[in-house]
Amino acid sequence: MPMLETEKALQQSRQFGVKPIPLLRPLGWLARGWQDLLRCPGASLLHGLAMALVGGLILWLARDRFWLLAGAFSGFLLVAPILATGLYVISRDLEMGREPSLAHVIEAWRPRDGRLVVFGVLLAFAGIGWVTTSAALITGFAEAPINTPDQFLRHVVLNEDSHLFEAWLGLGALLAAPMFASTMIAVPLMLDSKVGEVSILGAVFTSWRVVMEYPAPVALWAALIMLLTLLGMASAMLGLIVVLPWLGHASWHAYRDLVKKAQ
């Protein structure tokens, strides 16, 4: 039975072609994402404000537990693709010449067949798993308690007698890379497809096909997401109010640029 489900998902994925893109196309996604943000600033910035408040809440709750904070922000980024669903709806409305509205955004969150809900739960479990792993690694192997950024810098990052930082980064990359490959296209594809047209696994397979066919532009896109997100965090989370909706809109254009339905 599992093999049958896998074969069915592969067949669903083959309904979608992968369009060729040049290396620097991610810069075009950012440009079009910015245009969407300017065309619909209210609802877009409302999404950014909500996600920035979540980031601020994480920062406040773990302000003197940096061993938890470091992993918590990474975990937050893992679930960000599903949190951007409303932004994909806004970009889709603009693309179709419709007036974006919060009603359309809320409608997207109502379960039609449960795919986005199930996928969101799976991403949340992955995020929790990383937070737990990160916290266990830092508290279990650091030579001293890590409660502040300064302690993390001295005892983990700059500690020449330990390879804990390299191990922490390596484990993070080991989880983040397949998660990014699985979600880059999957969420907007499920949002844009009819019920029963593509399953969660079929959407994930399509996302992996895109990543494997164009690894260089996708790697550039991942680097741009990390850079802009870190800049947003560095401004006491205020920058996230603009950066996160900007990236959400741009991600919709990445999906549109890369995936086409077979005729």
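Keep in mind it's a predicted model, so treat the numbers as computed, not measured. Values below: all heavy atoms of this structure, side chains included; hydrogens, waters and symmetry mates excluded.
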> Check the orientation of Phe152 and Trp168. Use parallel for under 30°, tilted for 30 to 60°, and perpendicular for over 60°.
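Ring orientation of Phe152 relative to Trp168: perpendicular.
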
> Any sub-3.5 Å donor-acceptor pair from Ser235's side-chain atoms to Gly232's backbone N or O?
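Judged by distance alone, yes, a pair lies under 3.5 Å.
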
> Hey, does the side chain of Ser13 reach the backbone of Ala9 with a donor-acceptor pair shorter than 3.5 angstrom?
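No, the answer is negative, given that no donor and acceptor are paired below the 3.5 Å cut-off.
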
> Any side-chain heavy-atom pair from Thr139 and Ile146 closer than 4.5 angstrom?
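The answer is no; the side chains never approach within 4.5 Å.
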
> Keeping the roles fixed (side chain from Ser134, backbone from Val131), state whether a donor-acceptor pair exists under 3.5 Å.
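Absent.
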
> Would you check if the side chain of Arg39 reaches a backbone N or O of Ser91 as a donor-acceptor pair within less than 3.5 Å?
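Between the backbone of Ser91 and the side chain of Arg39 there is no qualifying donor-acceptor contact (under 3.5 Å).
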
> Taking all non-hydrogen atoms of both residues, which atom of Leu191 and which atom of Arg92 are closest, and how far apart?
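Result for this residue pair: O-NH1, 3.3 Å.
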
> Could you grab the distance from atom OH of Tyr88 to atom CH2 of Trp252, nearest 0.5 Å is fine?
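Going from the OH atom of Tyr88 to the CH2 atom of Trp252 covers 9.5 Å.
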
> Report yes or no: does Ser207 contribute a side-chain atom to a donor-acceptor pair with the main-chain N or O of Ala203 at less than 3.5 Å?
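No: the side chain of Ser207 does not pair with the backbone of Ala203.
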
> Tell me the closest heavy-atom pair linking Thr206 and Gly202, and the distance in Å.
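It is OG1-O, 2.8 Å.
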
> Given the rule in the side-chain contact (heavy atoms from CB on, under 4.5 Å) test, do Leu220 and Tyr214 qualify, once you have shown the distances and angles that lead to the verdict?
CA-CA 10 Å; Leu220 174 61; Tyr214 299 102; over 6 Å; no

> Calculate, to the nearest 0.5 Å, the distance between atoms OG and CG belonging to Ser251 and Leu87 respectively.
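The distance works out to 9.0 Å.
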
> Between atom CG of Leu122 and atom CD1 of Ile200, what is the distance when rounded to the nearest 0.5 Å?
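Output value for this atom pair is 6.0 Å.
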
> Does a side-chain heavy-atom distance below 4.5 Å link Leu247 with Leu30?
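Sidechains of Leu30 and Leu247: in contact.
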
> Can you name the closest pair of heavy atoms from Val187 and Pro81 and give their distance?
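Minimum heavy-atom contact is CG1-O, 3.9 Å.
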
> Where do Val243 and Leu231 land on the side-chain contact (heavy atoms from CB on, under 4.5 Å) test, with the steps shown first?
CA-CA 9 Å; Val243 166; Leu231 289 175; 5.8 Å; no

> Does Glu197 offer a backbone N or O that forms a donor-acceptor pair with the side chain of Ser193 under 3.5 Å?
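Not a single qualifying donor-acceptor pair exists.
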
> Measure the spacing between CD1 of Ile241 and CG of Leu238 and express it to the nearest 0.5 Å.
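One finds 5.5 Å between CD1 of Ile241 and CG of Leu238.
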
> Taking only Lys NZ, Arg NE, NH1 and NH2, and the carboxylate oxygens of Asp or Glu, determine whether Arg32 and Asp36 approach each other closer than 4.0 Å.
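Between Asp36 and Arg32 there is no salt bridge, as every charged N stays at least 4.0 Å from the carboxylate O atoms.
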
> Tell me which donor-acceptor pairs under 3.5 Å the side chains of residues 169-182 have, and how far apart each pair is, sequence neighbours excluded?
residue: Ser182; atom: OG; partner: Pro178; partner atom: O; Å: 2.7
residue: Ser182; atom: OG; partner: Trp208; partner atom: NE1; Å: 3.0

> Counting N and O atoms only, with roles assigned by atom type, does the side chain of Arg25 sit under 3.5 Å from a partner on the main chain of Pro217, one being a donor and the other an acceptor?
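No; judged by distance alone, with no hydrogens or angles, the pair does not exist.
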
> Could you tell me whether a side-chain N or O of Lys8 sits under 3.5 Å from a main-chain N or O of Ser199, the two making a donor and an acceptor?
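Flag not set: sc Lys8 to bb Ser199 has no pair under 3.5 Å.
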
> Establish whether Met96 and Ile90 are linked, either directly or via other cluster members, by ILVMFWY side-chain heavy-atom contacts under 4.5 Å.
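Each belongs to a different hydrophobic cluster.
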
> According to a 4.5 Å side-chain heavy-atom criterion applied to Ile, Leu, Val, Met, Phe, Trp and Tyr, with indirect links allowed, do Phe16 and Leu10 form part of one hydrophobic cluster?
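Different hydrophobic clusters.
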
> Any link between Val79 and Leu59 through a network of hydrophobic side chains (Ile, Leu, Val, Met, Phe, Trp, Tyr) touching at under 4.5 Å?
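Cluster IDs for Val79 and Leu59 match.
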
> Closest heavy-atom contact between Asp257 and Ile21?
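Distance-wise, the nearest heavy atoms are O-CG2, 4.0 Å.
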
> Output yes when a side-chain donor or acceptor of Gln151 lies under 3.5 Å from a complementary backbone atom of Val156, and no otherwise.
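Not confirmed, Gln151 side chain does not pair with Val156 backbone.
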
> Is the shortest side-chain heavy-atom distance between Leu258 and Met184 below 4.5 Å?
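Contact flag for Leu258/Met184 side chains = yes.
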
> Between Gln15 and Gln12, is there a donor-acceptor pair closer than 3.5 Å when you use the side chain of the first and the backbone of the second?
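Here the side-chain-to-backbone pair exists.
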
> Quick one: does Val259's side chain get under 4.5 Å of Val18's, heavy atoms only?
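Of all side-chain heavy-atom pairs linking Val18 with Val259, none is under 4.5 Å.
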
> Taking C-beta and beyond as the side chain, do Val204 and Phe119 meet within less than 4.5 Å on heavy atoms?
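Sidechains of Phe119 and Val204: in contact.
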
> Roughly how far, to the nearest 0.5 Å, is the CZ atom of Phe165 from the CG atom of Asn159?
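Result: 12.0 Å between the selected atoms.
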
> If I take atom OG1 from residue Thr6 and atom CD from residue Gln11, how far apart are they, to the nearest 0.5 angstrom?
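Here the interatomic distance stands at 11.0 Å.
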
> So which atom in Glu143 and which in His155 form the shortest heavy-atom distance, rounded to 0.1 Å?
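Where Glu143 meets His155 most closely, the heavy atoms are OE2-ND1, 3.2 Å.
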
> Are Val117 and Ile128 connected in a single hydrophobic cluster, I mean Ile/Leu/Val/Met/Phe/Trp/Tyr linked by side-chain heavy atoms less than 4.5 Å apart?
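No, no single cluster joins them.
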
> Does any non-hydrogen side-chain atom of Leu24 lie less than 4.5 Å from one of Pro22?
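Pro22 does not reach Leu24 side chain to side chain.
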
> Honestly curious: do Trp221 and Ile82 fall in one hydrophobic cluster under the side-chain, below-4.5 Å linking rule?
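Hydrophobic grouping puts Trp221 with Ile82.
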
> For a quick test of your reading: what N or O donor-acceptor pairs under 3.5 Å do the side chains of residues 40-51 make, sequence neighbours left out?
residue: Ser44; atom: OG; partner: Cys40; partner atom: O; Å: 2.7
residue: Ser44; atom: OG; partner: His249; partner atom: NE2; Å: 2.7
residue: His47; atom: ND1; partner: Ala43; partner atom: O; Å: 2.8

